[in-house]
Every structure is written in structure tokens, then in C-alpha cells.
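This report refers to the structure that appears directly beneath it.
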Amino acid sequence: IRQLKIPELQQEPTVRIVRRQDMELAEHVLRVRGGCLQCHSLYRNAEHLLFAPGLFGVGLVDKQIVRESIVDPNKVVSPAHASVNVFLESGKLVSGKLISQTDDRLVLFARNELNVPVRVEVPMSEIEKEEGQPMIMRSETSLMPSGFDQLLTPEELEAVISMIRQLN
């Protein structure tokens with residue numbers, strides 16, 4: 001450890017003023033109003049990263065990047081949280097995050113008609129085939145609903161951005 005070089009700080013750390021009422025507002029958005037915690041977890045523990053990245057401890061400190069992640073979730077989609085579209089022989093389409101695939105079945109986490117995350121198992125025999133291969137296509141869109149920022153007031157959006165930055 002003594003041999004490790006400790007880098008010099010290139011600039012003084014930025015002091016952020018965080019008001020309690022903003023943190024309480026952000027928590028209300030995350031837990032209740034936005035329902036963010038249905039998919040996101042607060043922390044980066046592996047068992048909590050099924051649907052979406054953790055909100056804290058992931059290094060999101062740049063205000064613009066945090067804002068873009070909320071306002072335009074499809075701009076940058078992490079491969080770890082990409083979704084797939086599965087075309088069924090019945091003509092239906094199932095979309096969600098691919099959890100596992102075996103010779104017999106495909107397991108996805110998807111949203112039901114009430115927008116609640118659910119586990120979906122699809123037998124491989126029910127998936128449409130093209131040239132002998134199951135039609136499972138990677139989606140370029142995020143599982144995070146677009147337009148989320150439109151549901152929030154400017155104060156709520158700023159409070160969430162501030163909380164994420166502060167706790168990262």
C-alpha cells in the first residue's frame with residue numbers, strides 16, 4: 001500500500017448545499033410519485049440490479065448525465081440493462097430483460113399491463129423461428145419509460161437529480 005501513488009486533487013471538491021426538504025421531495029418521487037424503486041434499487045448490490053442500475057454508488061455525479069438519463073433514457077442504454085423483443089408464433093410480441101435462455105425456455109423480466117415488473121417464462125417451442133433460429137432481437141430502447149420527466153414538476157426533477165448526485 002505504501003508504494004501506491006496517491007493522485008493529487010486537480011481542483012478543490014465542489015461544495016454542494018443540499019436542503020432536507022429537497023431530499024424528502026426526491027425520496028417521495030422515488031418511492032411514491034415516480035415509482036422508481038419498482039425497478040431501480042437504492043444501492044448497487046447484485047441482488048437489486050435485476051431491472052435497472054442502482055441509483056447510489058454508481059458514480060453518477062455529472063448533473064447533465066443524470067438529467068439525460070431521466071429525460072432521455074434511450075440515449076445511452078447499458079448492455080447490462082438492454083431489453084429484447086421475442087416474437088411468438090401466436091403473433092404476439094414479448095419484450096423485457098433477458099435473464100436466462102436454455103434449450104427449453106427463455107426467462108425475461110417484463111412489465112405487465114399494469115406496468116408492474118413480472119417474471120415471464122416463454123417455452124422455446126412458442127417462439128417464431130427465422131431460418132431455424134428463434135426470433136429474439138435486442139431492443140435499442142430502455143426499459144425505463146420515456147416521458148417520465150414530464151410527470152414531474154421542475155422542482156421534483158431537480159430534487160431527484162440533486163439527490164442522485166449527492167449520494168454518488
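The analysis underlying the following values was restricted to heavy atoms, covering all of them including side chains, and did not include hydrogens, waters or symmetry mates.
Nearest heavy atom pair, residue Phe148 against residue Gly34, reads CE1-CA, 3.5 Å. Closest approach of Arg165 and Asp62 over heavy atoms only: NE-C, 4.3 Å. Contact record, Ser95 with Ala110: O-CB, 3.1 Å, taken as the closest heavy-atom pair. Considering every non-hydrogen atom in both Asn85 and Ser139, the closest pair reads ND2-CB, 3.9 Å. Of all heavy-atom pairs between Ile164 and Leu55, the closest is CG2-O, 3.8 Å.
Under the salt bridge (Lys or Arg N to Asp or Glu O under 4.0 Å) criterion, the residue pairs touching residues 127-139 are Arg138-Glu140, with sequence neighbours excluded. Listed by first and then second residue, the salt bridge (Lys or Arg N to Asp or Glu O under 4.0 Å) pairs involving residues 77-93 amount to none (not counting sequence neighbours). Counting only residues at least two apart or in different chains, salt bridge (Lys or Arg N to Asp or Glu O under 4.0 Å) contacts with residues 141-157 comprise Arg33-Glu156.
Applying the under-4.5 Å side-chain rule to Ile, Leu, Val, Met, Phe, Trp and Tyr, the cluster around Leu93 extends to Phe87, Met135, Met137. By the 4.5 Å side-chain criterion applied to Ile, Leu, Val, Met, Phe, Trp and Tyr, Val76 is assigned to no cluster and stands alone. Using a 4.5 Å cut-off between side-chain heavy atoms of Ile, Leu, Val, Met, Phe, Trp and Tyr, Leu25 forms no hydrophobic cluster with any other residue.
With sequence neighbours excluded, the residues forming a side-chain contact (heavy atoms from CB on, under 4.5 Å) with Ser125 are Pro123, listed by chain and number. Residues satisfying the side-chain contact (heavy atoms from CB on, under 4.5 Å) test with Gln101, not counting sequence neighbours, are Leu98, Leu106, Met124, Ile136. For Asp103, the side-chain contact (heavy atoms from CB on, under 4.5 Å) criterion is met by no residue, not counting sequence neighbours. With sequence neighbours excluded, the residues forming a side-chain hydrogen bond (donor to acceptor under 3.5 Å, both in side chains) with Asn74 are Ser146, listed by chain and number. With sequence neighbours excluded, the residues forming a salt bridge (Lys or Arg N to Asp or Glu O under 4.0 Å) with Glu68 are Lys75, listed by chain and number. With sequence neighbours excluded, the residues satisfying side-chain contact (heavy atoms from CB on, under 4.5 Å) with Arg20 are Glu24.
Between Thr141 and Val77 there is no side-chain heavy-atom pair separated by less than 4.5 Å.
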Stepwise, does the side-chain contact (heavy atoms from CB on, under 4.5 Å) test hold for Met163 with Leu30?
CA-CA 10 Å; Met163 176 185 256; Leu30 294 176; 3.6 Å; yes

Derivation and outcome, salt bridge (charged side-chain N to carboxylate O under 4.0 Å, His left out), residues Glu158 and Lys63:
CA-CA 10 Å; Glu158 288 305 316; Lys63 186 174 186 173; 3.4 Å; yes

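To the nearest 0.5 angstrom, Met144 atom CE is 14.0 Å from Ser83 atom OG.
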